[in-house]
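Okay, structure first, notes after.
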Amino acid sequence: MPEKQTTQLYVEVEFDPAITDAESLATVLDRLMEMALSTPDILADYGNPAVKEFSVAAARPNDQSDAQSADDLVKAAERLGLDAEQLDELVHEQYGQIAAAINNEGLEAQLGFLAGRLGAKAVEDELRDLAKTRR
């Protein structure tokens, strides 16, 4: 049987913040997925993959308006005399929240995330290095 893989799929959801928030949307999407997956063999043609919970991730610029906003933000930062190094802490803070969510899901989620980023072979090498440093 082939080795299983883990991937992260990103879903963009446009919503009215006066009515709901991102975390609530993740919860309702979990419920919808649970209902859909209760249909026997609904994903049988795809090997019945295990679908994990939805979680909120940082927004990624991906359309023209977001690209324009990014350009405007670069100009604003430059006008304020800020550079990339000065934004390091803010970026670490935001991605730290994502890392904390992955870490809270346990070993399988951590390894799945790492394998999705680095590849299984590289993660296995990293695991060996970690094991060596703990001895």
Under 4.5 Å side-chain linkage, directly or through intermediates, the cluster mates of L82: L80
Beyond-backbone contact of L127 with L111, side-chain heavy atoms, under 4.5 angstrom: yes
Donor-acceptor contacts, no H, no angles, side chain residues 99-108, under 3.5 Å, sequence neighbours left out:
unit_1 : atom_1 : unit_2 : atom_2 : d
N103   : OD1    : Q110   : NE2    : 2.9
N103   : ND2    : A99    : O      : 3.3
N104   : ND2    : A100   : O      : 3.2
E108   : OE2    : K52    : NZ     : 3.1

ILVMFWY cluster, L114 and I98 together (side-chain gap under 4.5 Å): yes
Rounded distance [0.5 Å steps], CG in D72 versus CZ in R79: 8.5 Å
Point-to-point distance, once rounded to the nearest 0.5 Å, from CD of E89 to CD of E93: 7.0 Å
Residues 14-37, side-chain donor-acceptor partners within the protein, below 3.5 Å, at least two apart:
unit_1 : atom_1 : unit_2 : atom_2 : d
D16    : OD1    : A18    : N      : 2.8
D21    : OD1    : E23    : N      : 3.0
D21    : OD1    : S24    : N      : 2.9
D21    : OD1    : S24    : OG     : 3.3
D21    : OD2    : S24    : OG     : 3.1
T27    : OG1    : E23    : O      : 3.1
D30    : OD1    : F54    : N      : 2.6

Test side chain to side chain donor-acceptor pair (under 3.5 Å) applied to Q86 - qualifying residues, sequence neighbours left out: none
Salt bridge (charged side-chain N to carboxylate O under 4.0 Å, His left out) involving K121 - partner list, sequence neighbours excluded: D125
Could you pull out every donor-acceptor pair under 3.5 Å between side chains of residues 41-50 and any protein atom, sequence neighbours left out?
unit_1 : atom_1 : unit_2 : atom_2 : d
N48    : OD1    : A44    : N      : 3.2

